[in-house]
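One structure below.
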Amino acid sequence: MILRGRSDVERFLRSPDARLRAALFYGRDLGVVRERAAELAGRIAARPDDPFDTALITEADLDDRPDRVEAELAALSMIGGRRLVRLRLGEGVKASRIAAEALAAHEKGQLNSEAFFLIEAGDLGRDSTLRRQAEKSDVCAVIACYEDDAGDLVRFTREALAAENLGLTAEAQQLFVARLPHERGVARQEIERLVLYLGPGSGVTAGARELEPFFGVEPDASTAEAASEAFGGRMAAAHGHLRRAAAEGADGAAAVRALSAHLARLRRIAVAQKAGASLQQALKGAQVFWKAEKEISRQARAWNLVELDVLQPEMLAADMACKQTGAPDNLIASRLAMTVAARARRLGL
């Protein structure tokens with residue numbers, strides 16, 4: 001069952017069809033994938049973080065035990081009730097094939113029919129074995145997760161502020177939303193930071209002037225600058241900003257997210273231009289801050305969709321690597337920035 005419209009997706013997340021045994025969330029924006037999967041997990045299992053109720057499997061787990069997915073789906077809940085099996089995939093073809101085979105077996109009733117199989121994946125093409133298996137399945141919901149547009153960001157911001165008795169003037173909202181990354185997880189963090197800055201429950205409606213100190217002390221500024229320098233081909237400057245970000249308390253995962261957000265912005269510009277928009281129109285559509293227009297314009301002239309799509313798997317792999325226990329996330333971010341900067345230099349930047 002493929003769910004496309006936002007209203008259909010939200011209705012499903014609020015009240016999942018009891019006949020379904022599985023769901024596949026996939027897309028470029030892993031923040032949306034994770035958020036929607038977490039919401040569904042909370043509907044399926046009373047305690048989605050309890051290991052007695054839920055089995056969480058990563059792609060790395062399948063290296064040693066490729067049979068683990070089916071084993072977990074065949075197991076019964078230790079304390080009764082519906083069992084939840086969550087699988088988080090990276091870009092591995094082998095793991096995707098294992099997931100597809102497990103989904104097929106689950107659909108045929110060969111495993112525990114009371115188990116729910118929740119799959120989280122990155123961008124899956126039409127030729128993906130897993131995507132094809134899920135889309136033709138009668139017991140699996142399939143939801144593609146796309147980057148949030150400006151309207152989504154405005155809605156999230158308003159809802160979060162209203163819940164804390166806070167608000168922004170129209171001008172302040174425009175300024176704030178223009179600076180938000182379109183990656184869901186990072187945007188949510190920025191909105192939460194704004195709530196703390198304004199004071200939860202204070203009843204404040206802030207204007208543009210009141211937000212100036214907030215923008216001036218933005219802790220993610222160094223990681224954003226590092227990403228811009230990397231995509232601009234300035235390797236030394238990028239590493240300098242990464243060191244400053246680390247000194248300010250930002251971890252490597254934040255730097256990887258900043259690099260991914262910058263790639264997403266350049267990609268939106270490239271897509272808009274391919275559709276016939278001028279560079280200025282594309283910059284406006286991508287909500288590029290006016291102070292950054294000159295540099296982003298320079299980068300947009302060099303980075304095309306083909307080059308950006310080549311880098312996307314690197315971003316996803318780095319993001320997944322940062323989530324591994326004990327991973328040297330600052331080193332991962334540094335290597336990713338080096339890869340980006342080297343490619344930018346080859347493009348003439």
Side-chain angles (χ1 to χ4, degrees), residues 6-7 9-11 13-14 29-43 47-49 145-228 241 244-258 260-262 264-265 284-293:
R6 176 180 294 164
S7 59
V9 172
E10 291 178 349
R11 190 180 305 113
L13 292 177
R14 285 194 304 270
D29 192 333
L30 287 177
V32 180
V33 170
R34 298 283 186 262
E35 186 172 303
R36 285 178 168 172
E39 184 175 350
L40 179 60
R43 302 290 183 186
R47 295 170 295 275
D49 297 322
C145 300
Y146 303 106
E147 289 179 339
D148 295 319
D149 58 24
D152 293 321
L153 296 174
V154 168
R155 179 165 55 89
F156 295 150
T157 302
R158 283 178 175 168
E159 289 173 354
L161 293 178
E164 297 292 346
N165 193 26
L166 298 168
L168 296 175
T169 65
E171 183 184 10
Q173 179 177 275
Q174 183 178 10
L175 284 172
F176 178 71
V177 171
R179 296 171 71 94
L180 282 178
H182 284 239
E183 201 279 322
R184 176 78 64 88
V186 185
R188 289 285 197 195
Q189 291 173 8
E190 282 300 288
I191 294 170
E192 289 171 5
R193 196 167 68 82
L194 177 63
V195 168
L196 292 174
Y197 174 77
L198 296 177
S202 65
V204 168
T205 297
R209 187 177 295 277
E210 285 78 23
L211 290 191
E212 287 179 3
F214 174 81
F215 293 141
V217 297
E218 186 175 4
D220 288 343
S222 295
T223 55
E225 288 171 2
S228 182
H241 286 299
R244 190 175 74 186
E248 293 168 351
D251 59 12
V256 170
R257 288 195 298 269
S260 297
H262 198 87
R265 176 160 288 181
K284 183 177 180 180
Q287 298 179 325
V288 175
F289 192 50
W290 67 268
K291 289 184 178 179
E293 283 185 1

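Shortest non-hydrogen contact noted between Gly199 and Leu166 is O-CD2, 3.3 Å. In plain terms, the two heavy atoms of Ala206 and Leu211 that are nearest each other are CB-CD2, 4.3 Å. Across Ala172 and Leu168, no two heavy atoms sit closer than the pair CB-CB, 4.1 Å. A pairwise comparison of heavy atoms in Ala286 and Arg265 identifies O-NE, 3.3 Å as the closest pair. Between Val195 and Glu164, the closest heavy-atom pair is CG1-CG, 3.6 Å. In plain terms, the two heavy atoms of Gly42 and Pro48 that are nearest each other are CA-CG, 4.1 Å.
One distance of note links CZ of Arg43 with CG of Leu40; it measures 9.0 Å at 0.5 Å rounding. To the nearest 0.5 Å, atoms CZ (Arg257) and CD (Gln189) are separated by 4.5 Å. Here Leu196 contributes atom CG and Ile191 contributes atom CD1; the two are 12.5 Å apart, rounded to the nearest 0.5 Å. Going from atom OG1 of Thr169 over to atom CD of Glu210 covers 7.5 Å, rounded to the nearest 0.5 Å.
Atom CD of Glu10 has more than 12 heavy atoms from other residues, nucleotides or ligands within 6.0 Å. Remark: Arg158 CZ is loosely packed, at most 12 non-hydrogen atoms of other residues, nucleotides or ligands lying under 6.0 Å away.
Gln174 places no side-chain N or O within donor-acceptor distance of the main-chain N or O of Glu171, the cut-off being under 3.5 Å.
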Before giving the answer on salt bridge (charged side-chain N to carboxylate O under 4.0 Å, His left out), spell out for Arg193 and Glu190 the whole-Å C-alpha distance, their side-chain angles and the decisive distance to 0.1 Å.
-> CA-CA 5 Å; Arg193 196 167 68 82; Glu190 282 300 288; 3.0 Å; yes

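Side-chain contact between Leu161 and Gln173 is absent, with no heavy-atom pair separated by less than 4.5 Å.
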